[in-house]
Amino acid sequence: MSTSAAAGNHTYKVVEVVGSSDKGSDEAVRNAIADASDSLHHLAWFEVVNQRGHIESGNVAHFQVTLKIGFRVEKK
């Protein structure tokens, strides 16, 4: 199957979520996607739109990553 055939003619809905982690931004992304997949189906892609963090006593306490997640709309 070619890449264009695999992509097909789909419609996507986009939601914005914020993931967090005290270990790093990669884990914050993974946490957000894992939690979103509990209630959303057919997740297809994500885009990091913002990163920020919280500082305590001169150290990074946790990371926050804002994602746009696209998921395929089911056809009836």
Side-chain angles (χ1 to χ4, degrees):
M1 180 181 330
S2 71
T3 304
S4 60
N9 295 323
H10 300 294
T11 300
Y12 296 91
K13 182 170 178 91
V14 178
V15 296
E16 191 169 276
V17 299
V18 178
S20 62
S21 169
D22 59 357
K23 294 182 176 63
S25 57
D26 283 353
E27 184 173 286
V29 168
R30 294 178 194 285
N31 289 344
I33 291 171
D35 289 345
S37 71
D38 287 343
S39 60
L40 301 173
H41 304 285
H42 310 296
L43 300 184
W45 54 267
F46 73 92
E47 174 186 1
V48 175
V49 295
N50 193 9
Q51 293 186 60
R52 63 186 163 276
H54 181 238
I55 300 169
E56 288 182 6
S57 303
N59 295 307
V60 175
H62 71 273
F63 300 82
Q64 289 182 332
V65 180
T66 304
L67 306 172
K68 288 186 179 182
I69 298 177
F71 61 96
R72 200 171 63 248
V73 176
E74 291 184 29
K75 294 183 181 181
K76 292 185 179 189

Legend entry - Nearest heavy atoms of Gly19 and Ala32, plus distance in Å: CA-CB, 3.6 Å

Legend entry - Partners passing side-chain hydrogen bond (donor to acceptor under 3.5 Å, both in side chains) against Glu16 (at least two apart in sequence or in another chain): none

Legend entry - Qualifying side-chain hydrogen bond (donor to acceptor under 3.5 Å, both in side chains) pairs with a residue from residues 29-39, counting only residues at least two apart or across chains: none

Legend entry - Connected-component partners of Phe63 among ILVMFWY, side-chain separation under 4.5 Å: Val60

Legend entry - Nearest-0.5 Å distance that lies between atom NE2 in His10 and atom NE2 in His42: 10.5 Å

Legend entry - Hydrophobic cluster partners of Ile69 (side-chain heavy atoms under 4.5 Å): Val15, Val17, Val29, Ile33, Leu40, Leu43, Phe46, Val48, Val65, Leu67, Phe71

Inset, instruction - Go through the structure and list residues passing side-chain contact (heavy atoms from CB on, under 4.5 Å) with Asn50, not counting sequence neighbours. - result: Arg52, Thr66

Inset, instruction - Could I get the full list of side-chain hydrogen bond (donor to acceptor under 3.5 Å, both in side chains) partners for Ser25, not counting sequence neighbours? - result: none

Legend entry - Qualifying residues under ring-ring contact (aromatic ring centres under 6.0 Å, His included), relative to His54, sequence neighbours excluded: His62

